[in-house]
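Everything below concerns the one structure shown next.
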There are 2 protein chains.
Amino acid sequence: MLLSKSCVYGLRASLYLAARDENGYVPIREMSDKLEISFHFLTKILQQLTGEGMLESYKGPNGGVRLTRSGEDISLMEVVMAIDGDYMLTECALGLPGCGVMKPCPIHEKWAETRDGIRDMLESTTLTELTKKGKDFDLRITAEGGFRDLM
Amino acid sequence: MLLSKSCVYGLRASLYLAARDENGYVPIREMSDKLEISFHFLTKILQQLTGEGMLESYKGPNGGVRLTRSGEDISLMEVVMAIDGDYMLTECALGLPGCGVMKPCPIHEKWAETRDGIRDMLESTTLTELTKKGKDFDLRITAEGGFRDLM
DNA sequence: AAGTTATAAGACTCTTAAGTCTTAAAATAG
DNA sequence: CTATTTTAAGACTTAAGAGTCTTATAACTT
C-alpha cells in the first residue's frame with residue numbers, strides 16, 4: 001500500500017476538519033464516530049498531527065482539535081509527511097540502501113520521474129480543494145456516506 | 001512501501017535472469033547467494049512467478065529457473081502483477097471500498113492520474129532495457145555490487 | 001540403483017503495523 | 001470544589017507481512 005492506514009485515516013480526518021469550516025474545536029469522538037475509525041487509534045494519529053503543528057488541541061468540555069491554518073494552505077503532502085514521513089519519496093524501488101544519483105540502481109531514473117508525479121500531486125492539492133469538490137458533488141468520505149451527510 | 005519486499009526481490013531476481021543471457025537454467029541457490037536474499041524466501045517468490053508462467057523451472061542437477069520469454073518482452077508490470085497483484089493500481093487513496101467513477105472519493109480523480117503515471121512506467125519498462133543500462137553503466141543490483149561483478 | 005542437486009510445499013517463527021485498552025492530566029461547567 | 005468531558009501517553013493485543021526451516025519429490029549423474 002502506498003500510504004499506511006494511519007496516513008489514510010489522518011487524511012480523512014484532516015478533510016473532515018477542513019470541511020467543518022466553523023473554526024471551533026471538534027471532538028475526536030465526533031470524528032471517530034462519523035468517519036468510522038476507532039477512537040483510540042484516531043486519537044494517536046491526530047496527536048502526531050498536533051505534534052507537527054498542523055493541528056492544535058484543547059482539553060475539557062467543548063474541547064477537541066482544529067486546524068492551525070486554513071485548509072487552503074494545507075497540502076496533502078503535509079499530512080503524509082507528518083504521518084508516514086518521506087520514505088515514499090526517497091526510497092529506492094529495488095530497496096537498495098543509499099540509492100541515488102551517485103550510486104543508482106537501474107530503475108532509479110525512471111522511478112524518480114514517477115515519484116515526482118506523486119510528489120507534485122500531493123503538494124499541489126489542498127484540503128480545501130478536496131472538501132469543496134466533496135461538498136459540491138457529495139463525494140464519499142466514509143465507506144457509505146458522502147460529505148453532505150456528515151456536516 | 002509501494003512494492004512489497006517480495007515484489008522487490010522478484011524484480012531483482014528477474015533482472016538477474018534477464019542479465020544472464022545464456023538461456024540455460026539458473027540455480028536458485030546461485031541467485032540467492034549473488035543477490036543476498038534468503039534462499040527459501042526467494043524460492044517462494046520464484047514459485048509465484050513460475051506459477052504465473054513467467055518462469056519455467058527444471059529439477060535435478062543443472063536445473064534451476066529461466067525466463068519463458070525474452071527479457072525484451074517482459075515488462076516490470078508483469079512481475080509486479082504476479083507478486084503484488086493489481087491492488088496498487090486499483091486501490092482508493094482514502095481506502096474506501098468500491099471507489100471508482102461511479103462512487104468516487106474526492107481524491108479519486110487526481111489519484112487516478114498519478115496512478116496512470118506509475119502504470120505507464122511499469123508497463124513501458126522491460127527487463128532487458130534495465131539490464132542493458134545496468135551493464136553499460138555498471139549500476140547496482142545488490143546493496144554493494146553492480147551488474148558487472150555479478151555475471 | 002544410489003547419491004546428489006534441485007524445486008515444491010507448508011509449517012513455523014520473527015517483526016512490524018494496526019488496533020485496543022487503561023490510566024493520567026487538563027480544563028470547563030455548574 | 002467536584003464532576004464531567006476532553007486530550008495525552010503508553011502498555012498491551014492482534015493481524016499480517018517477512019523470513020526460516022523441514023520434509024517431500026523430481027530428475028540427473030555416475
Side-chain angles (χ1 to χ4, degrees), chain A residues 1-13 16-17 24-68 80 82-85 87-88 91 94-95, chain B residues 1-13 17 24-68 80 82-85 87-88 91 94-95 143:
Chain A
M1 164 167 6
L2 182 61
L3 303 174
S4 72
K5 282 224 167 173
S6 295
C7 191
V8 165
Y9 291 161
L11 281 170
R12 286 172 54 207
Y16 184 86
L17 288 173
Y25 291 98
V26 181
I28 299 180
R29 177 71 64 182
E30 174 188 325
M31 278 195 274
S32 69
D33 285 348
K34 293 274 182 93
L35 297 175
E36 294 165 18
I37 300 172
S38 146
F39 168 74
H40 292 289
F41 192 33
L42 181 59
T43 295
K44 264 191 179 173
I45 294 164
L46 295 183
Q47 278 174 25
Q48 292 183 66
L49 294 177
T50 303
E52 295 291 329
M54 202 188 99
L55 301 183
E56 55 193 345
S57 68
Y58 204 75
K59 294 179 179 179
N62 307 317
V65 295
R66 69 176 177 196
L67 298 173
T68 50
V80 171
I83 297 175
D84 277 355
Y87 84 92
M88 187 181 70
E91 197 175 57
L94 292 185
Chain B
M1 168 165 5
L2 181 61
L3 303 174
S4 71
K5 284 225 166 172
S6 295
C7 191
V8 165
Y9 291 161
L11 281 171
R12 285 172 57 207
L17 288 173
Y25 291 99
V26 181
I28 298 181
R29 177 70 66 182
E30 175 188 324
M31 278 195 275
S32 70
D33 286 349
K34 293 275 181 92
L35 297 176
E36 294 163 19
I37 300 172
S38 146
F39 168 74
H40 292 289
F41 192 34
L42 182 58
T43 295
K44 265 191 180 174
I45 296 164
L46 297 183
Q47 278 172 25
Q48 292 183 67
L49 295 177
T50 304
E52 294 291 328
M54 201 187 99
L55 302 182
E56 55 194 343
S57 68
Y58 204 75
K59 294 178 178 179
N62 305 318
V65 296
R66 71 178 176 193
L67 300 173
T68 49
V80 171
I83 297 175
D84 277 354
Y87 83 93
M88 187 181 71
E91 198 175 56
L94 292 185

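Chain letters run A, B, ... following the sequence lines, proteins first, then strands; residues in each count from 1. Just so we're clear, the structure is a prediction, and the values are computed from it rather than from any experiment.
If you check every strand for non-hydrogen atoms under 4.0 Å, B:F39 touches a base. Counting any heavy atom pair closer than 4.0 Å across all strands shown, A:L46 reaches no nucleic acid atom.
Projected onto DNA chain D by closest heavy-atom contact, A:G60 and A:K44 fall at different nucleotides, the more 5' of which corresponds to A:G60. Toward the 5' end of DNA chain C, the nearer of the two residues B:V26 and A:P61, judged by each one's closest nucleotide, is B:V26.
Between B:N62 and the phosphate of D:dT29, there is a side-chain N or O to OP1/OP2 separation shorter than 4.0 Å. When the side-chain nitrogen and oxygen atoms of A:S38 are compared with OP1 and OP2 of C:dT20, one or more of them lie within a distance under 4.0 Å. Within the structure, every side-chain polar atom (N or O) of B:Y58 is placed at least 4.0 Å from both OP1 and OP2 of D:dA26. The shortest distance between the side-chain N/O atoms of B:Y9 and the OP1/OP2 oxygens of D:dA18 is not below 4.0 Å. Remark: B:S57 is in phosphate contact with C:dA8, judged by side-chain N or O atoms under 4.0 Å from OP1 or OP2.
Across D:dT4, C:dA18, D:dA8, the shortest atom-to-atom separation from the side chain of A:Q47 is found for D:dA8. Of all nucleotides listed (D:dT25, C:dG19, D:dT6), D:dT25 comes nearest to the side chain of B:K59. Set against C:dA27, C:dA9, C:dA18, the side chain of B:H40 has C:dA9 as its closest nucleotide.
With hydrogens and angles ignored, the 3.5 Å screen pairs a side-chain donor or acceptor of B:T68 with a backbone N or O of B:G53. Judged by distance alone, with hydrogens and angles left aside, the side-chain atoms of B:R66 form no donor-acceptor pair with the main-chain N or O of B:V26 at under 3.5 Å.
Rounded to an integer number of Å, the gap from CZ of A:F41 to P of C:dA17 is 11 Å. Rounded to a whole Å, the CD1 atom of A:I83 is 11 Å from the P atom of C:dA18. If you measure from atom CZ of A:R29 to atom P of D:dT4, you get 16 Å, rounded to the nearest angstrom. One atom, CD of B:E30, and another, P of C:dT7, lie 10 Å apart when rounded to the nearest Å. Per the geometry, CG belonging to A:L42 stands 12 Å off P belonging to D:dA8, to the nearest Å. Atom NZ in A:K5 sits roughly 14 Å away from atom C1' in D:dG17 (whole-Å rounding). Following rounding to the nearest Å, B:E36 (CD) and D:dT20 (P) show an atom-to-atom distance of 13 Å. Here C:dA6 presents its P atom at 10 Å from CD1 of B:I28, a figure rounded to the nearest Å.
Side-chain atoms of B:M31 and B:V65, non-hydrogen and from C-beta on, do get closer than 4.5 Å to each other. By the 4.5 Å heavy-atom criterion applied to side chains, B:M54 and B:T50 are not counted as neighbours.
Between A:Y25 and A:Y58, the two ring planes are parallel [angle under 30°; tilted spans 30° to 60°].
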